[in-house]
Amino acid sequence: MLVQDIRSFIRDSSRPIAEKVHLHLLPDYSDIMVISALFFFTLHHTISPVASSVLFPVSYGKANRKTRNNWDAHVVSLVHAALIVVLSLRCLDIPTLSSDRAFGFHKGSTFVSAIACGYFIWDATEAIIHYTEFGFVLHGIACFSVFILGSRPFAHYHAVRFLFWEVSTIFLNIHWFLDKTGKTGSVIQLINGVVLLGTFASVRLIWGGIISYDFLKTLRNVSKQLPFFYVVVYGSGNLMLNLLNWFWFTKMITSLRKRFSNGNGNANGNGTHHKGDGDSSLEHKEY
């Protein structure tokens, strides 16, 4: 009863604000968004440190504080990527979304968007607190903005398809963990690197480009039915995220070339990776 009362309180508290700013679906899923954010924060600061210390007593247990935090952030990113891809897959054939690509919605797509909002609250917060690059901060804020504004409702058809970008994040995180567990330059990391580049190019650059073009056409057709700032946020956000994808893809290729150009890349005699100055393209939790 206590849990249900808290969830009801969150929904009721969000309703006046949500209705005022015309986010009509938000009240019924605001509790899911809060639960999602709390789960990812808990996973980062509690579950991952405990589990990782037991499962990887050397790689994690003897690492410095910064590396352990990065490790925990990659755990969060990996869990979210695997979860959101599965949930999004279930929403691809929903008739109400396909029949109205601009304003159609469904309880499934709304639930997925709420989970994503919670994750991007964590993502933006993490990118700000442990700042490494402005692009990561911009990515977190932009993604949170487009998903929460989608509770108008708007763009659910495209939202569940854009979340398939997270397929490449799974292999990015595996690549990072292989680094930290002494597998830098190994055959398995080479295979994972090829799969990473392949999935990134497929789901983000090719698939993402096709979906982005279709979304921009939809946005243009319904622009007069939306507040102007929606057109600005979604139009500029779509362009920015696609540019970031191309930018990160080039950095990934450069980084992978460095690692495997001489057989073992940057691995020393013990198989431990030494990251050179400026080689941060594969260091962050997510692209």
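Bear in mind that the values here come from a model prediction, so they are computed numbers and not experimental data.
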Is there a donor-acceptor pair under 3.5 Å between the side chain of Trp165 and the backbone N or O of Val203? yes
Under a 3.5 Å distance rule, please check whether His156 uses its side chain to pair with a backbone N or O of Gly150 as donor and acceptor. yes
Ser223 side chain to Arg220 backbone, donor-acceptor under 3.5 Å: yes
So, Ser88 side chain and Val85 main chain: donor-acceptor pair closer than 3.5 Å or not? no
Check whether any side-chain N or O of Thr181 sits under 3.5 Å from a backbone N or O of Phe177 as a donor-acceptor pair, and report yes or no. yes
With Thr46 via side chain to side chain contact (heavy atoms under 4.5 Å, CB included) - residues at least two apart: Thr42
Is Phe40 reachable from Val75 through a run of hydrophobic residues whose side-chain heavy atoms are each under 4.5 Å from the next? yes
Fit a plane to each ring of Tyr230 and Tyr234, take the angle between them on a 0 to 90° scale, and name the class: parallel (under 30°), tilted (30 to 60°) or perpendicular (over 60°). parallel
Let me confirm one number: the CG-CG distance from Leu190 to Leu178, rounded to the nearest 0.5 Å. 11.0 Å
Under the 3.5 angstrom rule, does the side chain of Asn69 hit a backbone N or O of Arg65 as a donor-acceptor pair? no
Using modelled atom types only, decide if a donor and an acceptor are shared between the side chain of Ser109 and the backbone of Phe105 within a distance under 3.5 Å. no
Between Phe147 and Leu163, is there a side-chain heavy-atom distance shorter than 4.5 Å? yes
Can you classify the ring geometry of Tyr119 versus His80 as parallel (below 30°), tilted (30 to 60°) or perpendicular (above 60°)? parallel
Should the pair Arg15-Asp28 be classified as a salt bridge under the 4.0 Å nitrogen-to-oxygen rule? yes
For the CG atom of Asn192 and the OG1 atom of Thr199, what is their distance to the nearest 0.5 Å? 8.5 Å
Test your reading of the model: is there a side-chain donor-acceptor pair from Ser30 to the backbone of Pro27, 3.5 Å cut-off? yes
For the residue pair His44 / Asp72, report whether a side-chain donor-acceptor contact shorter than 3.5 Å exists. no
Salt bridge (Lys or Arg N to Asp or Glu O under 4.0 Å): which pairs involve residues 86-100, sequence neighbours left out? none
Look at the side-chain heavy atoms of Ile, Leu, Val, Met, Phe, Trp and Tyr, link any pair under 4.5 Å apart, and say whether Leu92 and Val112 land in one connected group. yes
Do Lys107 and Tyr29 make a side-chain contact, defined as non-hydrogen atoms from C-beta onward lying under 4.5 Å apart? yes
Determine, using the 4.5 Å side-chain heavy-atom cutoff (strictly less than), whether Leu78 and Leu196 are members of one ILVMFWY cluster. yes
Have a look at Trp207 and tell me which of Ile211, Leu205, Ile210 forms a side-chain contact (heavy atoms from CB on, under 4.5 Å) with it. Ile211
Compute both the distance and the angle, then confirm whether Arg7 meets the cation-pi test with Phe9: under 6.0 Å from the six-membered ring centre, within 45 degrees of the axis. no
Check: Gln189 and His175 side chains under 4.5 Å, non-hydrogen atoms: yes
In terms of heavy-atom contacts, does CZ of Phe228 have more than 12 from other residues, nucleotides or ligands at under 6.0 Å? no
If you group Ile, Leu, Val, Met, Phe, Trp and Tyr by side-chain heavy-atom gaps below 4.5 Å, do Leu243 and Leu138 land in one group? no
Rounded to the nearest 0.5 Å, what's the gap from OG1 on Thr110 to CG on Leu25? Could you check? 5.0 Å
State yes or no: do Phe120 and Val160 share one hydrophobic cluster built from I, L, V, M, F, W and Y residues joined by side-chain heavy-atom distances below 4.5 Å, directly or via other members? yes
Leu149 side chain reached by Phe229 side chain, heavy atoms, under 4.5 Å: yes
Taking atom CZ of Arg68 and atom OG of Ser53, what is their separation to the nearest 0.5 Å? 7.5 Å
Trp71 side chain to Ser48 side chain, donor-acceptor N/O pair below 3.5 angstrom: no
Would you say Thr184's side chain and Lys180's backbone share a donor-acceptor pair under 3.5 angstrom? no
May I ask you to check whether over 12 heavy atoms, not counting those of Ile17, lie within 6.0 Å of atom CD1? no
Working note: Phe215 + Phe162, criterion side chain to side chain contact (heavy atoms under 4.5 Å, CB included); need CA distance, chi angles, decisive distance, verdict. CA-CA 10 Å; Phe215 170 72; Phe162 280 127; 4.3 Å; yes
Taking atom CZ of Phe134 as the centre, report whether more than 12 heavy atoms of other residues, nucleotides or ligands fall under 6.0 Å from it. no
Within the supplied structure, the quantity of interest is the number of heavy atoms (other residues, nucleotides, ligands) at a distance under 6.0 Å from Leu55 CG; does it exceed 12? yes
Expected output: side-chain Ser145 to main-chain Ile141 donor-acceptor under 3.5 Å: yes
Do Arg204 and Ser168 get their side chains close enough for a donor-acceptor pair, meaning under 3.5 Å? yes
Do the side-chain N and O atoms of Thr67 and Asn64 include a donor-acceptor pair separated by under 3.5 angstrom? yes
Can you list everything that forms a salt bridge (charged side-chain N to carboxylate O under 4.0 Å, His left out) with Arg101? Sequence neighbours excluded, please. Asp214
Are Phe136 and Trp248 near enough that their ring centres are under 6.0 Å apart? yes
Gap between atom NZ of Lys183 and atom OG of Ser59 - 0.5 Å precision: 7.5 Å
Rounded distance [0.5 Å steps], CD1 in Ile10 versus OG in Ser14: 8.5 Å
